[in-house]
J.: 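Below: one structure in structure tokens.
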Amino acid sequence: MTTATAALAGTTAVHTVEVELGARRYPIHIGPGLLDDGPRLAALAPGRHVLIVSDTNVAPHYLARVEAAFAAAETGKRVAAHVLPPGEQEKTLARFGELMSVLARLGAHRDATLVALGGGVVGDLTGFAAACWMRGVRFVQLPTTLLAMVDSSVGGKTAVDLPEGKNLVGAFHQPAAVVADTATLATLPDRELRAGLAEVLKYGALGDAAFFDWVEANAAALRARDAGALVHAIARCCTMKAGIVARDETESGERMLLNLGHTFGHAIEAEQGFGGLVHGEAVAVGMVLAARLSSRLGLAPASDGERLAAVLQTLGLPTALPAGLEADALLARMRLDKKNASGRFRLVLWHGIGRAFVATGIDEAALRAVLVP
Ligand code: NAD
Ligand code: GLY
């Protein structure tokens with residue numbers, strides 16, 4: 001057992017957060033060892049076919065365990081798996097088409113369940129496939145990155161990227177459940193853990209100053225994968241996200257706040273051809289730029305932006321635009337952002353830590369100024 005595994009096995013309690021969407025609801029289960037819970041997994045997939053989608057980094061660690069859990073439940077279901085190459089550059093229409101063909105060859109029907117075993121890339125792609133196969137089938141999220149546990153597996157946003165931009169093709173399609181086995185974080189590369197911590201801090205930055213303080217105080221424990229700290233952070237983020245999604249499922253208002261730093265971040269990712277900063281890192285830079293723009297516009301104290309950047313650095317994250325990116329190219333990417341309204345820039349800015357808001361009609365000169373390194 002590695003040190004990280006031992007640490008992550010230290011907390012055994014399972015936390016459950018409910019996402020309530022009117023008459024619909026689904027659980028987010030958080031705790032170690034959940035991938036081995038065959039009866040729980042089988043109950044989430046009541047039909048004849050199950051397709052588990054994973055990637056080549058995750059599958060060697062966890063796919064056999066999930067398959068064994070389904071087999072042990074002895075339901076007689078046909079359980080198939082499809083393993084994709086890893087990385088953002090695979091979140092494409094081509095991979096989506098590949099999943100459609102796999103489902104067709106499997107003979108999957110409307111009672112099929114898709115299971116996303118992996119990070120946000122696998123989750124977004126599998127969720128979009130589930131939204132489209134025969135006009136929509138069940139899917140279950142088994143997130144294995146911190147980022148997916150605190151954000152992407154919850155709330156039903158599914159999508160693929162185009163070369164022109166992030167997440168431009170997608171659907172809102174809620175999972176039947178999220179089962180976050182926190183012991184899987186033991187094998188997550190350090191860089192990906194840090195990327196997840198950017199999204200964790202985002203929750204404090206956008207709406208919970210006390211949680212921001214907690215992340216700041218517990219940065220070392222989080223980076224050391226302390227089980228108690230990670231589970232506390234995941235549960236707090238999921239509770240916040242469940243509340244926001246319950247109030248604004250399809251992002252007509254409050255849900256936009258979850259995109260703090262994302263308009264900048266998505267532009268950076270696309271401009272780098274989805275092969276530079278990973279998503280969480282790009283969001284870290286984006287949050288710093290959003291804070292800087294807020295203080296330039298006189299909306300927030302510069303000191304809060306400086307504190308945000310300092311905590312991100314403590315978490316091991318980048319806070320400056322990568323070299324070689326042109327302001328005009330980033331602006332062009334940002335014009336295609338889904339939040340923009342009537343041809344005007346709409347961005348998430350803040351009045352300070354814990355006080356994000358949606359700003360429309362932002363002055364382009366001010367925006368350009370923060371994009372010049
Ligand atoms: P990812 O899915 O690319 O995973 C990161 C890397 O870690 C990959 O190489 C993966 O193979 C590897 N990995 C995953 N789990 C592992 C484990 N336990 N052990 C070892 N390796 C592991 O990236 P991500 O950060 O999880 O997700 C980013 C994606 O999520 C982006 O496409 C982003 O747009 C999307 N996203 C979606 C939402 C949403 O609401 N749908 C929210 C935030 C982000
Ligand atoms: N990650 C942003 C959202 O789910 O709305």
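Reckoned from all heavy atoms, side chains included, excluding hydrogens, waters and symmetry mates. Note that the structure is a prediction, hence the values are computed from the model and not measured. Residues take their numbers from the sequence shown, with the count starting at 1.
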J.: Quick one: does Arg368's side chain have a donor or acceptor within less than 3.5 Å of a partner on Leu331's backbone?
T.: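 Pair absent, no side-chain N/O of Arg368 close to backbone of Leu331.
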
J.: Measure the shortest side-chain to side-chain distance between Leu125 and Val160 over non-hydrogen atoms and say whether it is less than 4.5 angstrom.
T.: yes

J.: Looking only at non-hydrogen atoms, find the nearest pair between Gly276 and Arg191 and report the distance.
T.: O-NH2, 3.3 Å

J.: Do Glu271 and Leu325 come within less than 4.5 Å of each other through their side chains, counting heavy atoms only?
T.: yes

J.: State, to 0.1 Å, how close Ala290 and Leu349 come at their nearest heavy-atom pair, and which atoms those are.
T.: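 Here Ala290 and Leu349 meet closest at O-CD2, 3.7 Å.
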
J.: Applying the 4.5 Å side-chain criterion to the ILVMFWY set and letting contacts propagate, would Met149 and Leu147 be lumped into a single cluster?
T.: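 No, no single cluster joins them.
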
J.: Check for a donor-acceptor pair, side chain of Thr113 on one end and backbone N or O of Arg138 on the other, with a separation under 3.5 Å.
T.: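 Here the side-chain-to-backbone pair does not exist.
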
J.: Which atom pair, heavy atoms only, marks the closest approach of Gly196 to Leu146?
T.: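 Heavy atoms of Gly196 and Leu146 come nearest at C-CD2, 3.8 Å.
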
J.: Give, for atom CD1 of Ile234 and atom NZ of Lys241, the distance between the pair rounded to the nearest 0.5 Å.
T.: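 Between Ile234 CD1 and Lys241 NZ, I get 14.0 Å after rounding to 0.5 Å.
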
J.: Could you go through Asp161 and Asn167, starting from their C-alpha distance and side-chain angles, then the distance that decides it, and tell me whether this counts as side chain to side chain contact (heavy atoms under 4.5 Å, CB included)?
T.: CA-CA 4 Å; Asp161 304 328; Asn167 298 336; 3.3 Å; yes

J.: Drop me the distance from Leu162's CG to Lys91's NZ, to the nearest 0.5 angstrom.
T.: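 Nearest 0.5 Å value for the CG-NZ distance: 11.0 Å.
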
J.: Okay, side chain of Glu192, backbone of Pro189: is any donor-acceptor separation there less than 3.5 Å?
T.: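 Side chain of Glu192 to backbone of Pro189, a donor-acceptor pair under 3.5 Å: no, none is there.
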
J.: Is any side-chain N of the basic residue among Lys157 and Asp151 closer than 4.0 Å to the acidic one's carboxylate O?
T.: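 Salt bridge: no.
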
J.: Please assess Leu347 against Asp337 for the test side chain to side chain contact (heavy atoms under 4.5 Å, CB included), listing each intermediate value before the final yes or no.
T.: CA-CA 9 Å; Leu347 282 174; Asp337 188 85; over 6 Å; no

J.: Roughly how far, to the nearest 0.5 Å, is SG of Cys132 from CE of Met100?
T.: 6.0 Å

J.: Tell me the closest heavy-atom pair linking Thr158 and His173, and the distance in Å.
T.: CG2-O, 3.8 Å

J.: Could you give me the CA-CA distance, side-chain angles and deciding distance for Leu188 and Thr144, then say whether side chain to side chain contact (heavy atoms under 4.5 Å, CB included) is met?
T.: CA-CA 8 Å; Leu188 191 65; Thr144 62; 6.0 Å; no

J.: Between Asp304 and Arg355, does the salt bridge (charged side-chain N to carboxylate O under 4.0 Å, His left out) criterion hold? Intermediate values first, please.
T.: CA-CA 11 Å; Asp304 278 23; Arg355 294 190 295 143; 5.6 Å; no

J.: Quick one, Phe345 and Arg335 - any side-chain contact, counting heavy atoms below 4.5 Å?
T.: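 Yes, close enough: below the 4.5 Å cut-off.
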
J.: Below 4.5 Å, heavy atoms only, C-beta onward: do His266 and Met334 meet side chain to side chain?
T.: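 A side-chain contact is absent here, since even the closest heavy-atom pair is not under 4.5 Å.
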
J.: Is Thr126 reaching over with its side chain to a backbone N or O of Gly123, donor-acceptor style, under 3.5 angstrom?
T.: no

J.: Can you confirm if the aromatic rings of Phe96 and Phe128 lie within a centre distance of less than 6.0 Å?
T.: yes

J.: Would you call the rings of Phe211 and Trp214 parallel, tilted or perpendicular, where under 30° means parallel and over 60° means perpendicular?
T.: parallel

J.: Suppose clustering is done on Ile, Leu, Val, Met, Phe, Trp and Tyr with side-chain heavy atoms closer than 4.5 Å. Which residues sit in the same group as Phe274?
T.: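 The other cluster members (ILVMFWY side chains, heavy atoms under 4.5 Å, direct or chained): none.
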
J.: If you take all heavy atoms of Ala284 and Leu317, which pair is closest and at what distance?
T.: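 Smallest interatomic distance, heavy atoms only, reads CB-CB, 4.0 Å.
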
J.: Keeping the roles fixed (side chain from His262, backbone from Leu260), state whether a donor-acceptor pair exists under 3.5 Å.
T.: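 Such a contact is found between His262 side chain and Leu260 backbone.
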
J.: Which heavy atom of Ala291 sits nearest to which heavy atom of Gly305, and what is that distance?
T.: CB-CA, 3.8 Å

J.: Taking everything shown except Glu326 itself, do over 12 heavy atoms lie less than 6.0 Å from its CD?
T.: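 It does not: Glu326 CD has 12 such atoms or fewer within range.
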
J.: So, Arg225 and Asp190, do they make that salt bridge, N to O below 4.0 Å?
T.: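 Looking at Asp190 together with Arg225, the answer is yes, because their closest N to O distance falls below 4.0 Å.
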
J.: Show your working on side chain to side chain contact (heavy atoms under 4.5 Å, CB included) between Thr184 and His61 and close with a plain yes or no.
T.: CA-CA 9 Å; Thr184 61; His61 293 293; over 6 Å; no

J.: Taking Arg333 for the side chain and Glu269 for the main chain, is one N or O donor matched with an acceptor at less than 3.5 Å?
T.: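 Checking the backbone N and O of Glu269 against the side chain of Arg333, no donor-acceptor pair under 3.5 Å is found.
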
J.: Tell me whether the rings of His351 and Phe357 are parallel (<30°), tilted (30 to 60°) or perpendicular (>60°).
T.: parallel

J.: If you measure from NZ on Lys166 to CD1 on Ile268, what distance do you get to the nearest 0.5 Å?
T.: 11.5 Å

J.: May I ask you to test the Ile28-Val19 pair for a side-chain heavy-atom distance under 4.5 Å?
T.: yes

J.: What I'd like to find out is whether the side chain of Arg255 reaches to under 4.5 Å of the side chain of Val245, using heavy atoms alone.
T.: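 Yes, at least one pair of side-chain atoms sits under 4.5 Å.
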
J.: Should the pair Asp181-Arg65 be classified as a salt bridge under the 4.0 Å nitrogen-to-oxygen rule?
T.: yes

J.: Distance-only, no hydrogens or angles: does the Lys77 side chain make a donor-acceptor pair with backbone N or O of Ala45 under 3.5 Å?
T.: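 Judged by distance alone, yes, a pair lies under 3.5 Å.
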
J.: Within the 4.5 Å heavy-atom criterion, are Val169 and Leu93 side-chain neighbours or not?
T.: yes

J.: Keeping the roles fixed (side chain from Arg194, backbone from Gly316), state whether a donor-acceptor pair exists under 3.5 Å.
T.: yes

J.: Any sub-3.5 Å donor-acceptor pair from Tyr203's side-chain atoms to Val150's backbone N or O?
T.: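 Such a contact is found between Tyr203 side chain and Val150 backbone.
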
J.: Sub-3.5 Å donor-acceptor pair from the side chain of Asp124 to the main-chain atoms of Ala159, do we have one?
T.: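 It does not hold such a pair.
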
J.: Answer yes if the side chains of Ser252 and Asp248 hold a donor-acceptor pair under 3.5 Å, and no otherwise.
T.: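 There is such a pair between these side chains.
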
J.: Quick one: does Pro86's side chain get under 4.5 Å of Val121's, heavy atoms only?
T.: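 No, side chains not in contact.
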
J.: Measure the spacing between CD of Glu364 and CG of Leu371 and express it to the nearest 0.5 Å.
T.: 9.5 Å

